[in-house]
Amino acid sequence: MSRFWSDLTHTLSPYVPGEQPRIEGLIKLNTNESPYAPSPRVLEAVAAAASDSLRLYPDPASTALREALAAYHGLTADQVFVGNGSDEVLAHAFAALLKHEGPLKFPDISYSFYPVYARLFGIATETVPLDAAFRIRVADYDGPTGAIILPNPNAPTGMALDRAEIAELLARHADTPVVIDEAYVDFGAETAIPLIAAHPNLLVVRTMSKSRSLAGLRVGYALGHPDLIQALTRVKDSFNSYPLGRPAQAGALASIGDEAQFQADLARIIATRARMTRGLDALGFEVLPSAANFVFARHGARPGAEIAQALRDRAILVRRFDAPRIADHLRITVGTEDQTDRLLAALAEILAA
Ligand code: PMP
């Protein structure tokens, strides 16, 4: 606290990211990173971009990357916006699209950055409770609504809506901006991208951090009607002309070019998720059905905080949220096969004690 702070700074309640500690031999299952290395093509492209050209500013519009993303998703470049991680894209969406007369609605159990952005940008919010089975119910978003944002699959539950449910949400709110945050969609949910053509109010936000193993590169993007993209671009160009450096633009472009490794890594993570779910189930956990690269699980008999601490003592990090209804749940990232074996063995030992 300081007398030099602005009034706004005093009102903020910042997001707390998962820890990134330096512990020898750590099994890090707390921030939903990929356990697999990025494509070698990405590493080559990033290395090639680390050249004399770093003297020069990058393309402020990331044109080559936006064109490649447009082609990949069957859209046009004016339907694509890129930013420094999807967190930055989301922040711009809050500023550009989500502040209206009515409240911004999102699930009560969801990505904890949403209320942080709402506060930063002075947006009134209304949280909509998940149902008893931790599902999002589209009909619950009826009533006066300024805008809607939700992750699909939801985080931290991992549970997904199908495309028909997103279409229903869009139909019920045709005059309201709707942002679908698809950070985890590649791990088994249906994307809303095919709905963009018929719904000028839909913005789909994506990240390369999870399914493309590029959390360290900081590349996210948004897809939607050119008018929505223009709104994001206006905010971006009022904030930072060059959000993506040359290595990030080159690396992201190369990632889109390696579909084979992308699909192979997804298949491995999805298979490991199934095995991890069976293992947790056998140990007495209730595991929500996950379409993401993490599972959300609660043990019937032991407090979540105790299990998380006992795992930490064994150099295994998982994420827990001290929030109503989910304080005993653990969000566990799907790691490698070996990490999963070690997680399950550690849990068996902890629960036997
Ligand atoms: N959306 C959701 C739902 C997330 O969990 C995350 C990761 N914390 C993000 C967006 C942001 O990811 P990034 O900024 O790495 O693209």
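When a residue number appears, it is its place in the shown sequence, counting from 1.
Side-chain contact check for Y36 and Q261: no donor-acceptor pair (N or O, by modelled atom type) lies under 3.5 Å. Under 3.5 Å, the side chains of T76 and Q79 contain a donor-acceptor pair of N or O atoms. A side-chain donor from one of Q20 and K28 sits under 3.5 Å from a side-chain acceptor of the other. N32 and Y184 form a side-chain donor-acceptor contact under 3.5 Å, judged by distance and modelled atom types alone. Checking T127 against D108 by side-chain atom types alone, no donor-acceptor pair falls below 3.5 Å.
Across every non-hydrogen atom of M208 and I256, the tightest pair is CE-CG1, 3.8 Å. Among all heavy-atom pairs drawn from M276 and T333, the shortest one is CE-O, 3.9 Å. The two residues Q249 and D59 have their closest heavy-atom pair at NE2-O, 3.0 Å. Contact between A291 and P153 at its shortest, heavy atoms only, is O-CG, 3.4 Å. Of all non-hydrogen atoms in A49 and A250, the two that sit nearest each other are CB-CB, 4.0 Å. Residues L344 and G279 come closest through the heavy atom pair CD2-C, 3.8 Å.
Expressed to the nearest 0.5 Å, how far CZ of F113 lies from OG of S86 amounts to 10.0 Å. Note: I316 CD1 to I27 CD1 = 4.5 Å, rounded to the nearest 0.5 Å. Taking CG from L253 and CG from L69, the interatomic distance works out to 8.5 Å, rounded to the nearest 0.5 Å. We find the CG-CD1 distance between N152 and I166 to be 4.5 Å, quoted to the nearest 0.5 Å. Here CG of D186 is found 8.5 Å from CD1 of I270. Values are rounded to the nearest 0.5 Å. With rounding to the nearest 0.5 Å, the separation of CD1 in I350 from CG in L283 is 10.0 Å.
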Please test S51 against R246 for side-chain contact (heavy atoms from CB on, under 4.5 Å), starting from the C-alpha separation and ending with a verdict. CA-CA 10 Å; S51 69; R246 288 172 177 271; over 6 Å; no
Are L203 and I180 close enough, and set up right, to give a side-chain contact (heavy atoms from CB on, under 4.5 Å), and what steps lead you there? CA-CA 6 Å; L203 188 77; I180 304 296; over 6 Å; no
Can you list the steps and then say if V204 with I196 is a side-chain contact (heavy atoms from CB on, under 4.5 Å)? CA-CA 8 Å; V204 175; I196 288 173; 4.1 Å; yes
Walk me through whether R319 and F294 qualify under side-chain contact (heavy atoms from CB on, under 4.5 Å). CA-CA 10 Å; R319 190 108 198 246; F294 56 85; over 6 Å; no
Apply ring-ring contact (aromatic ring centres under 6.0 Å, His included) to H173 and Y141, showing your working. CA-CA 9 Å; H173 299 273; Y141 288 74; 7.4 Å; no
Please assess N154 against S110 for the test side-chain hydrogen bond (donor to acceptor under 3.5 Å, both in side chains), listing each intermediate value before the final yes or no. CA-CA 6 Å; N154 195 12; S110 193; 3.2 Å; yes
Run the side-chain hydrogen bond (donor to acceptor under 3.5 Å, both in side chains) check on R212 and S255 step by step: do they pass? CA-CA 7 Å; R212 293 186 178 273; S255 173; 3.1 Å; yes
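For the pair E165 and R137, the salt-bridge criterion is not met [side-chain N within less than 4.0 Å of a carboxylate O]. One finds a salt bridge joining D142 and R172 here, because a Lys/Arg side-chain nitrogen approaches an Asp/Glu carboxylate oxygen to under 4.0 Å. The residues R278 and D281 are annotated as not salt-bridged, no charged nitrogen and carboxylate oxygen being separated by less than 4.0 angstrom. With respect to D140 and K105, no salt bridge is recorded, no charged nitrogen being found less than 4.0 Å from a carboxylate O. Salt bridge absent: R234 and D237 never bring a charged side-chain N and a carboxylate O closer than 4.0 Å. Salt-bridge formation is not detected for the pair E337/R268: no Lys NZ or Arg NE/NH1/NH2 atom is positioned less than 4.0 Å from an Asp or Glu carboxylate oxygen.
None of H73, R163, R206 except one satisfies the side-chain hydrogen bond (donor to acceptor under 3.5 Å, both in side chains) rule with T191; the exception is R206. Between P35 and the choices D338, I269, L29, the side-chain contact (heavy atoms from CB on, under 4.5 Å) rule is met once, by I269.
Transitive grouping of hydrophobic side chains (ILVMFWY, heavy atoms separated by less than 4.5 Å) brings F262 and V334 into a common cluster. There is a path of hydrophobic side-chain contacts, each under 4.5 Å, that joins L232 to L90. Both L217 and L244 are part of a single hydrophobic cluster, where members link through side-chain heavy atoms under 4.5 Å apart. L104 and L170 sit in two unconnected hydrophobic clusters of ILVMFWY residues. Membership requires side-chain heavy atoms under 4.5 Å apart, directly or through other members. When the side chains of ILVMFWY residues are joined at heavy-atom separations under 4.5 Å, either directly or via intervening members, I229 and V178 end up in two distinct hydrophobic clusters.
Note: Y111 and Y15 meet the aromatic proximity criterion, with ring centroids under 6.0 Å apart.
The environment of CG in D131 is crowded: more than 12 heavy-atom neighbours from other residues, nucleotides or ligands sit within 6.0 Å. Around atom OH of Y57, no more than 12 heavy atoms belonging to other residues, nucleotides or ligands sit under 6.0 Å away.
Not counting sequence neighbours, the partners of A327 by the side-chain contact (heavy atoms from CB on, under 4.5 Å) test are R320, D322. Remark: F134 pairs with H329 by the ring pair (Phe, Tyr, Trp, His ring centres under 6.0 Å) rule, at least two apart or across chains.
Side-chain N or O atoms of H100 include none that pairs as donor or acceptor with a backbone N or O of G102 at under 3.5 Å.
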